[in-house]
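To start, the structure under review is shown below, and the notes come after it.
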Amino acid sequence: MNQPKIGKYRWTICALLFFATTVNYLDRQVLSLLSGKLETEFGWTNSDYANITAAFQFVYAISMLFAGRIIDKLGTKWGYAIAIIIWSLGAILHAKAIPLGGAISSLLALIGITGLSVSVLGFIVSRAVLGFGESGNFPAAIKATAEYFPKKERSFATGIFNSGANVGAILAPATVPYIAKAWGWESAFMIIGAIGFLWLIFWFIFYEKPEQQKRLSKAELEYILLDPDQKAIIPSESEVEAKKVSWIKLLGYKQTWAFTFGKFMTDGVWWFFLFWLPSYLKAQYGMEGTSISFPLLILYSMTMIGSIGGGWFPAYFLKKGYNAYEGRMKAMLVIALFPLVILLAQPFGHYTYWIPVVLIGIGASAHQAWSANIFTTVSDMFPKKAIGSIIGIGGMAGGIGGVIVSKVGGALFDHYKTLGHIQTGYTIMFAFCAVAYIIAWTIMKTLVPKMKIIEL
């Protein structure tokens, strides 16, 4: 007897999530790709640029603690829509950073605060708005995936939409410098930022709750909602209260601190690559504008290998009989060794810029593999009702780590630039990026040497 066709509309929703995540990473990368031009035009120091990037990281980190709860309250449709409206407006706001900074400077002067850079103020506020809006992307996308996919398909669907981050990182250097060259840096922020509003049209056309979705076949709706693991789309208040676990209680577990420290040590490495590589290519090789497009495109294309391989690698150890945590930690140890090649970037970088580009690409690819696994260490040991809170705590720690890395990097680069050898500053930062994963793994393994399921 032939099985009835289930339908494929849920993959249309997955495609929307993929494109939203692509836009998310496009918007956050515009500044770094234009940093060389903006530093020259406005006379920024490396510390100025660090303050601007840190504003995004700090607001994003704090917002991650609450983004999931806000999305739950608003519902997926409007929660996601409002998030992308805010971050798209924040992206476009960068184009008006100078008048915005002037207005803020005038307001601060009224209370006696003067002497601040108008351009830096304007970009800091713009980045803060962008960070607040972008913090809603992953909680909303994960919620939409849970609504439209049964458990057995969720990890695959999540992998697809999450790959939009890599695609966005690849598309940005392939487009932003050329837009800026043709129409000016303001246009780059406005055009890339406006893509979010284009996505919004399709979101409102094609997204509804599964029960209200007219394009969804009856068979596909049943396939989604009759899954044994499928939860109610909008839980009752009593269910929500029953699922809440206090942060204080969670912080009493070594497993929470292991994940949090792992994120704190390593998230900043990814942020550093994302925000500082264009500045590095300018400072050390005199490259900026369209000349950095192809090297960065190759570098971020390499991260796709880590994204795909990282999720597969632990299965090798699981097949050998290790439990989930032990297998994942063995995989993460191997992954943590790959960034060590970054130690060779500066010693051999005088031959050609392609040596550091490829070596950093290996490190960035390893980060994506590490990231895919460190999140899963939480679900390996904690019940579902605690996962969201722990990921929020770890996400905030990772953001704070990113702020510290950016601020320290900016100070180092300014210091060694005055000494006429900015390369030394990058050598120090690359050394940290190379060993961060080994340090993180060692502390995580020390805190949680063996798998222990937490009962809450």
Side-chain angles (χ1 to χ4, degrees), residues 28-59 90-109 112-131 172-173 176-190 192-193 271-272 274-293 296 402-403 405-426 428-429:
R28 72 175 64 179
Q29 267 196 281
V30 177
L31 177 67
S32 62
L33 291 165
L34 300 180
S35 59
K37 181 177 180 62
L38 295 173
E39 286 167 3
T40 301
E41 183 167 337
F42 299 117
W44 291 345
T45 63
N46 286 295
S47 292
D48 287 333
Y49 178 64
N51 289 334
I52 293 169
T53 59
F56 172 89
Q57 292 164 297
F58 181 76
V59 174
I92 293 171
L93 196 60
H94 287 67
K96 302 296 180 183
I98 307 309
L100 174 63
I104 296 170
S105 181
S106 298
L107 289 173
L108 292 176
I113 300 176
T114 58
L116 300 176
S117 167
V118 167
S119 64
V120 172
L121 277 175
F123 276 95
I124 282 177
V125 173
S126 300
R127 294 307 280 180
V129 175
L130 180 69
V176 171
Y178 296 96
I179 294 173
K181 183 177 181 180
W183 298 299
W185 64 265
E186 296 96 335
S187 295
F189 283 111
M190 295 183 74
I192 299 298
W271 291 115
F272 179 75
L274 206 63
F275 292 148
W276 285 96
L277 285 181
S279 294
Y280 164 69
L281 291 175
K282 178 186 178 183
Q284 192 149 315
Y285 298 100
M287 301 168 65
E288 60 181 316
T290 55
S291 65
I292 67 173
S293 296
L296 291 181
V403 171
V405 169
S406 195
K407 292 282 288 179
V408 170
L412 279 173
F413 303 148
D414 278 338
H415 173 71
Y416 284 103
K417 186 176 182 180
T418 59
L419 299 178
H421 205 266
I422 194 173
Q423 293 90 339
T424 302
Y426 280 102
I428 294 171
M429 292 306 297

Specify the closest pair of heavy atoms between [X] and [Y], including all atoms of both residues, with the distance to one decimal.
X: I179; Y: A188; result: CG2-CA, 3.6 Å
X: I92; Y: M190; result: CG1-O, 4.0 Å
X: I428; Y: L412; result: CG2-CD1, 3.8 Å
X: A180; Y: L34; result: CB-CD2, 3.5 Å

[X] versus [Y]: any side-chain heavy-atom pair under 4.5 Å?
X: E41; Y: S119; result: no
X: F42; Y: D48; result: no
X: L296; Y: L33; result: yes
X: T424; Y: L419; result: no
X: N51; Y: K407; result: yes
X: R127; Y: V59; result: no
X: F413; Y: K417; result: no

Exercise for the section: Evaluate the criterion side chain to side chain contact (heavy atoms under 4.5 Å, CB included) for residue pair I124 and I104; output intermediate values, then yes/no. Expected result: CA-CA 11 Å; I124 282 177; I104 296 170; over 6 Å; no

Taking atom [atom1] of [X] and atom [atom2] of [Y], what is their separation to the nearest 0.5 Å?
X: S279; Y: M287; atom1: OG; atom2: CE; answer: 13.0 Å
X: E288; Y: T290; atom1: CD; atom2: OG1; answer: 9.5 Å
X: L38; Y: L31; atom1: CG; atom2: CG; answer: 6.5 Å

Check whether [X] reaches the backbone of [Y] with its side chain - one donor and one acceptor, N or O, closer than 3.5 Å.
X: Y49; Y: W276; value: no
X: S35; Y: S32; value: yes
X: S126; Y: G122; value: yes
X: Q29; Y: A172; value: no

Problem - side chain to side chain donor-acceptor pair (under 3.5 Å) between S47 and T45, intermediate numbers included - result: CA-CA 5 Å; S47 292; T45 63; 4.6 Å; no

Exercise for the section: Evaluate whether atom OH of Y426 has more than 12 neighbouring non-hydrogen atoms of other residues, nucleotides or ligands under 6.0 angstrom away. Expected result: yes

Exercise for the section: State whether the number of non-hydrogen atoms from other residues, nucleotides or ligands found under 6.0 Å of K282 atom NZ is greater than 12. Expected result: yes

Practice task
Show your working on side chain to side chain contact (heavy atoms under 4.5 Å, CB included) between L277 and I292 and close with a plain yes or no.
Solution key: CA-CA 9 Å; L277 285 181; I292 67 173; over 6 Å; no

Exercise for the section: Look at the aromatic rings of W185 and F189 and report parallel, tilted or perpendicular, splitting at 30° and 60°. Expected result: perpendicular

Exercise for the section: Using the six-membered ring wherever Trp is involved, compare the ring planes of F123 and H94 and label them parallel, tilted or perpendicular (cut-offs 30° and 60°). Expected result: perpendicular

Practice task
Decide yes or no on side chain to side chain contact (heavy atoms under 4.5 Å, CB included) for M429 and Y280, but give the supporting numbers first.
Solution key: CA-CA 11 Å; M429 292 306 297; Y280 164 69; over 6 Å; no

Exercise for the section: Determine whether the side chains of S406 and W271 contain a donor N or O and an acceptor N or O closer than 3.5 Å. Expected result: no

